[in-house]
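Please read all numbers here as calculations on a predicted model, not as lab measurements. Both ligands and their constituent atoms are indexed starting at 1 by order of listing. Nothing fancy with the numbering, it's 1 onward along the sequence.
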Amino acid sequence: MSLSKLISSLPIHPSKSPYIYRLMRIMTHSGFFSQQSVTDNELEIEYMLTDASRLLLKGNPMSVTPFVQAMLDPVLTNPWHQMSTWLKNEDSSAFEITHGRYFWDYAAHDPIFNRLFNESMASDARLVSDLLIDKCKGVFDGLESLVDVAGGTGTMAKTLSKSFPQMECIVFDLPHVVDGLQGSHNLSYVGGDMFQEIPQAHAILLKWILHDWNDEQCVKILKKCKESLKNKGKDGKVIIIEMVLDNEKENVNESVETQLFFDMLMMILVVGKERNKREWINLISSAGFTDYKITPILGLRSIIEIYP
Ligand SMILES: C[S@@+](CC[C@H](N)C(=O)[O-])C[C@H]1O[C@@H](n2cnc3c(N)ncnc32)[C@H](O)[C@@H]1O
Ligand SMILES: COc1cc(-c2oc3cc(O)cc(O)c3c(=O)c2O)cc(OC)c1O
């Protein structure tokens with residue numbers, strides 16, 4: 001689309017037209033648009049979508065717009081301004097200083113934020129679930145049942161239940177997240193607290209969960225998972241989908257920077273952290289698991305299978 005057409009399509013005041021070129025210039029520089037032709041007349045410049053901007057299109061089923069909208073919401077951005085206060089006192093997180101409640105309790109009391117955050121996690125899960133199952137079919141093959149612990153509104157479990165119709169899938173999350181959600185013949189929703197009791201299954205999935213919690217809490221969650229495994233032998237397993245930080249100096253690349261930013265998010269919003277391989281092994285053995293297998297997938301993420 002040419003700049004002149006873009007300006008005439010946007011719901012802006014005519015006095016703001018000159019600013020659109022400047023906005024497009026930075027978004028082209030950062031890879032959200034590409035520019036077709038070089039011309040001296042700004043209004044004739046033609047912009048095209050890139051892979052990054054296609055991910056933000058309204059009609060795209062893989063759109064991650066909900067993720068971006070949630071992450072730019074003041075509920076999530078304001079806590080960053082409390083970092084220096086947090087460093088000077090004993091409060092558990094900058095989020096708690098800002099909002100007076102810890103993250104998951106805040107979501108339970110603010111239905112709008114609850115929906116925004118759950119929808120953002122679901123859009124991230126929609127983007128990766130097919131690819132993940134395609135690349136790692138063997139991880140789930142032959143499992144009779146699986147509980148997606150803290151599985152949100154069930155996007156990952158829905159894809160799993162369709163790809164593996166013989167597998168009984170349970171989405172387990174806090175009541176305010178799963179109340180009223182409809183399952184299917186091999187998918188059901190259970191509300192509860194993972195620190196209390198987790199439904200029994202042959203395998204347990206933990207996707208983007210342990211990074212929200214400190215080591216002591218993670219060991220508690222993992223021990224609860226171990227208790228809930230129907231097979232305590234080599235056939236039972238917990239499947240963790242998370243980052244494994246790579247802090248080797250020679251691996252300093254873009255994806256390490258993103259991983260370190262995620263670590264900051266976990267510091268500001270909750271009481272968690274991103275972990276390197278040694279820290280993962282410590283957690284796994286402290287919770288009484290005897291073996292593990294780490295498979296890197298999709299750049300940032302790894303599958304960590306752990307066995308009782
Ligand atoms: C970062 S989200 C991940 C959601 C989902 N696994 C995914 O990858 O899209 C963390 C989830 O943990 C859930 N959660 C937090 N505390 C919990 C608890 N005590 N028991 C069960 N679920 C909990 C939240 O409601 C939220 O859905
Ligand atoms: C609290 O648990 C999670 C948060 C996120 C998360 O949060 C933010 C917050 C923010 O102010 C800006 C951001 O860009 C983001 C994120 O990109 C982001 O991912 C993610 C989680 O798991 C993937 C959480 O568990």
Electrostatic pair E119:R126 at N-O distance under 4.0 angstrom:
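So E119 pairs with R126 through a salt bridge.
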Does D263 come within less than 4.0 Å of R275, counting only side-chain N to carboxylate O?
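Looking at D263 and R275, the cut-off is not met.
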Would you please indicate if the ring centroids of F289 and Y307 are separated by under 6.0 Å?
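Between Y307 and F289, which both carry aromatic rings, the centre distance is not below 6.0 Å.
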Anything under 30° is parallel, anything over 60° is perpendicular, the rest tilted; go ahead and classify F164 against F140.
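The arrangement is tilted - the two ring planes meet at 30° to 60°.
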Would you tabulate the polar-atom pairs, meaning N/O of ligand 1 against N/O of the protein, with distances under 3.5 Å, reported to 0.1 Å?
residue	atom	partner	partner atom	Å
ligand 1	6 (N)	A150	O	2.9
ligand 1	6 (N)	K207	O	2.8
ligand 1	8 (O)	K207	O	3.2
ligand 1	8 (O)	K207	NZ	2.8
ligand 1	19 (N)	D193	OD1	2.9
ligand 1	20 (N)	M194	N	2.9
ligand 1	25 (O)	D173	OD1	2.7
ligand 1	27 (O)	D173	OD2	2.8

Tell me the closest heavy-atom pair linking S228 and I204, and the distance in Å.
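Heavy atoms only, the tightest pair is CB-CD1, 3.9 Å.
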Which distance, rounded to the nearest 0.5 Å, do you find between the CE of M167 and the NE2 of H202?
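One gets 12.0 Å once the value is rounded to the nearest 0.5 Å.
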Does some side-chain heavy atom of L57 sit less than 4.5 Å from a side-chain heavy atom of T65?
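Side chain of T65 against side chain of L57, heavy atoms only: no contact under 4.5 Å found.
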More than 12 foreign heavy atoms under 6.0 Å from NZ of K230: is that the case here?
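Enclosed.
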Tell me whether Y102 at atom OH has more than 12 heavy atoms from other residues, nucleotides or ligands lying less than 6.0 Å away.
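No - once you tally the heavy atoms of other residues, nucleotides and ligands closer than 6.0 Å, there are 12 at most.
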May I have every N or O pair linking ligand 2 to the protein at under 3.5 Å, one per line with atom names and distance?
residue	atom	partner	partner atom	Å
ligand 2	2 (O)	D212	OD1	3.1
ligand 2	11 (O)	L76	O	3.1
ligand 2	22 (O)	H211	NE2	3.2
ligand 2	25 (O)	H211	NE2	2.8
ligand 2	25 (O)	D212	OD1	2.7
ligand 2	25 (O)	D212	OD2	3.2

